[in-house]
Amino acid sequence: MSAEIIDGKSLALKIKEELKKDVQELKNKGINPCLAVILVGDNKASQKYVSFKEKTCKELEIQSLVFKFDENIDETSLLNLIDELNNDPNVNGILVQLPLPKHLNQNIILEKINPLKDVDGFTPFCLGRLLNDNPLFIPCTPKGVIRMLDEYKIPLEGKQAVVIGRSVIVGKPLSLLLLKRNATVTICHSKTFNLPEITKNADILCVAVGKENFINSNMIKEGAVIIDIGINVTKSGKVVGDVNFDEVRQKASYITPVPGGVGPMTIAMLMENTIYAAKLQQRKS
Ligand code: GUN
């Protein structure tokens with residue numbers, strides 16, 4: 001058996017085509033959606049992600065403002081900028097690219113973002129709303145994963161879903177979304193004992209670890225659905241996920257590739273959240 005590939009790239013293209021129409025509808029009403037992105041330091045991966053976000057905004061005719069700062073910027077300057085963006089009626093979404101340099105307190109900075117503009121869904125307000133089954137903005141990567149599972153009509157109710165990774169960006173919100181869909185969710189992390197025993201029980205296995213070849217075919221159940229959220233660059237410069245794709249696809253029923261799986265969906269969901277922010281603020285003002 002060879003798994004069906006979950007084609008995130010094509011699905012993201014389809015979603016972006018729909019979103020383009022939404023943007024034009026808003027523009028016809030005189031609303032120009034605008035996303036502000038803050039990038040601090042010279043992390044190469046972050047620079048790449050931000051340039052993808054900028055490029056996608058352009059495709060959809062969403063205005064993007066990118067604020068790039070030197071590694072050494074002080075916290076007060078960043079907080080002042082966020083304050084300005086919060087108060088700027090032309091800015092609908094505000095995103096601070098993570099990770100931030102160590103001297104900056106990520107919690108203080110994220111908490112400064114007006115939750116109505118928090119298109120990443122990382123403020124305590126948005127995370128609390130998600131925990132309370134009443135989401136405002138859902139973090140983009142977990143939202144994209146659920147959208148992919150839905151597109152391929154993969155049932156979640158009653159299934160054993162295992163999430164490896166407990167980050168605020170991916171693991172925790174994804175676990176909540178799977179739980180909301182009535183999956184039985186197990187969260188694993190770097191201190192988990194007997195990981196293969198747990199992963200072998202998973203009907204749906206979501207991996208967000210950041211280690212090449214972390215999951216091999218001995219760790220999965222026959223017919224499992226494999227969602228690879230890792231993005232790693234090999235010594236030879238190739239982009240790969242956390243899953244040994246060639247080996248695991250022989251045993252799985254569905255699998256996401258890297259690249260072309262979860263990554264493009266994350267950006268599509270960011271665009272969706274930005275358009276939603278523009279609609280939301282239109283209603284509030
Ligand atoms: N760093 C890694 N993933 C993300 C993301 O989805 N949003 C932001 N802001 N930073 C990230």
Side-chain angles (χ1 to χ4, degrees), residues 35-57 64-83 85-86 93-115 117-127 130 137-145 163-176 187-191 206-212 214 228-234 237 239-242 258-259 262-267 269-270 273-274:
L35 172 66
V37 177
I38 300 172
L39 173 62
V40 182
D42 54 8
N43 180 313
K44 291 282 171 288
S46 290
Q47 285 173 344
K48 216 181 218 176
Y49 298 147
V50 167
S51 74
F52 281 143
K53 290 170 188 179
E54 250 184 303
K55 184 175 146 264
T56 313
C57 280
S64 73
L65 306 171
V66 180
F67 298 86
K68 291 184 184 169
F69 296 100
D70 184 82
E71 168 91 20
N72 299 318
I73 188 174
D74 62 291
E75 204 163 279
T76 310
S77 307
L78 268 187
L79 293 174
N80 287 340
L81 170 63
I82 294 172
D83 213 22
L85 297 170
N86 281 341
I94 303 170
L95 178 159
V96 177
Q97 188 65 31
L98 302 176
L100 286 168
K102 286 208 167 50
H103 71 280
L104 298 170
N105 185 324
Q106 182 176 307
N107 286 335
I108 290 177
I109 288 165
L110 292 179
E111 279 174 35
K112 188 77 180 170
I113 298 172
N114 176 349
K117 297 191 177 187
D118 176 22
V119 287
D120 253 337
F122 295 163
T123 58
F125 184 88
C126 283
L127 290 167
L130 181 63
F137 292 103
I138 297 173
C140 304
T141 300
K143 188 180 185 191
V145 168
V163 177
I164 314 180
R166 54 177 156 178
S167 70
V168 173
I169 296 178
V170 179
K172 283 181 193 145
L174 178 56
S175 304
L176 290 171
I187 306 173
C188 301
H189 47 77
S190 55
K191 303 287 188 274
C206 304
V207 194
V209 173
K211 285 190 184 142
E212 186 184 339
F214 188 78
D228 189 348
I229 308 167
I231 301 179
N232 309 294
V233 182
T234 65
V239 175
V240 298
D242 292 344
V258 178
V262 174
M265 288 300 293
T266 296
I267 302 212
M269 295 300 101
L270 174 65
N273 282 355
T274 302

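One is the number of the first residue; the rest follow in order along the sequence.
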**Request:** Taking His189 for its side chain and Ser167 for its backbone only, find out whether a donor-acceptor pair lies under 3.5 Å.
**Result:** no

**Item:** Donor-acceptor contact below 3.5 Å, side chain Asn86 vs main chain Ile113
**Value:**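 Not at all, since once roles are kept as given, no pair shorter than 3.5 Å links the two residues.
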
Nearest 0.5 Å, what's the [atom1]-[atom2] distance between [X] and [Y]?
X	Y	atom1	atom2	answer
Lys53	Ser46	NZ	OG	8.0 Å
Thr274	Met269	OG1	CE	11.0 Å
Leu127	Thr123	CG	OG1	6.5 Å
Ile138	Leu174	CD1	CG	11.0 Å
Phe69	Leu39	CZ	CG	9.5 Å
Gln106	Glu75	CD	CD	11.0 Å

Nearest heavy-atom neighbours spanning [X] and [Y]:
X	Y	answer
Gly165	Ile187	O-CG2, 3.9 Å
Gln47	Gly41	NE2-O, 4.2 Å
Asn43	Pro99	ND2-CG, 4.0 Å

**Request:** Show your reasoning for whether side-chain contact (heavy atoms from CB on, under 4.5 Å) applies to Asp120 and Cys140.
**Result:** CA-CA 6 Å; Asp120 253 337; Cys140 304; 4.0 Å; yes

**Item:** Intermediate values then yes/no, side-chain contact (heavy atoms from CB on, under 4.5 Å), Val40 and Gln97
**Value:** CA-CA 8 Å; Val40 182; Gln97 188 65 31; over 6 Å; no

**Request:** Going by the side-chain contact (heavy atoms from CB on, under 4.5 Å) test, name the single residue among Pro142, Ser175, Pro173 that passes it with Val163.
**Result:**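 Single side-chain contact (heavy atoms from CB on, under 4.5 Å) partner of Val163 among Pro142, Ser175, Pro173: Ser175.
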
**Request:** Could you point out which residue of Leu104, Ile109, Asp74, Asn105 forms a side-chain contact (heavy atoms from CB on, under 4.5 Å) with Leu79?
**Result:** Ile109

**Prompt:** Run the side-chain contact (heavy atoms from CB on, under 4.5 Å) check on Leu98 and Phe122 step by step: do they pass?
**Reply:** CA-CA 11 Å; Leu98 302 176; Phe122 295 163; 3.8 Å; yes

Kindly indicate whether the side chain of [X], heavy atoms from C-beta on, has any atom under 4.5 Å from the side chain of [Y].
X	Y	answer
Val37	Ser64	no
Val145	Met265	no
Leu35	Leu270	yes
Val96	Leu78	no
Arg166	Ser190	yes
Asp228	Val262	no
Asn273	Lys143	yes
Asn232	Phe214	no

**Request:** Could you tell me whether Phe52 atom CZ has more than 12 heavy atoms of other residues or ligands within 6.0 Å of it?
**Result:** no

**Working for side-chain contact (heavy atoms from CB on, under 4.5 Å), residues Ile38 and Leu85** = CA-CA 11 Å; Ile38 300 172; Leu85 297 170; 4.1 Å; yes

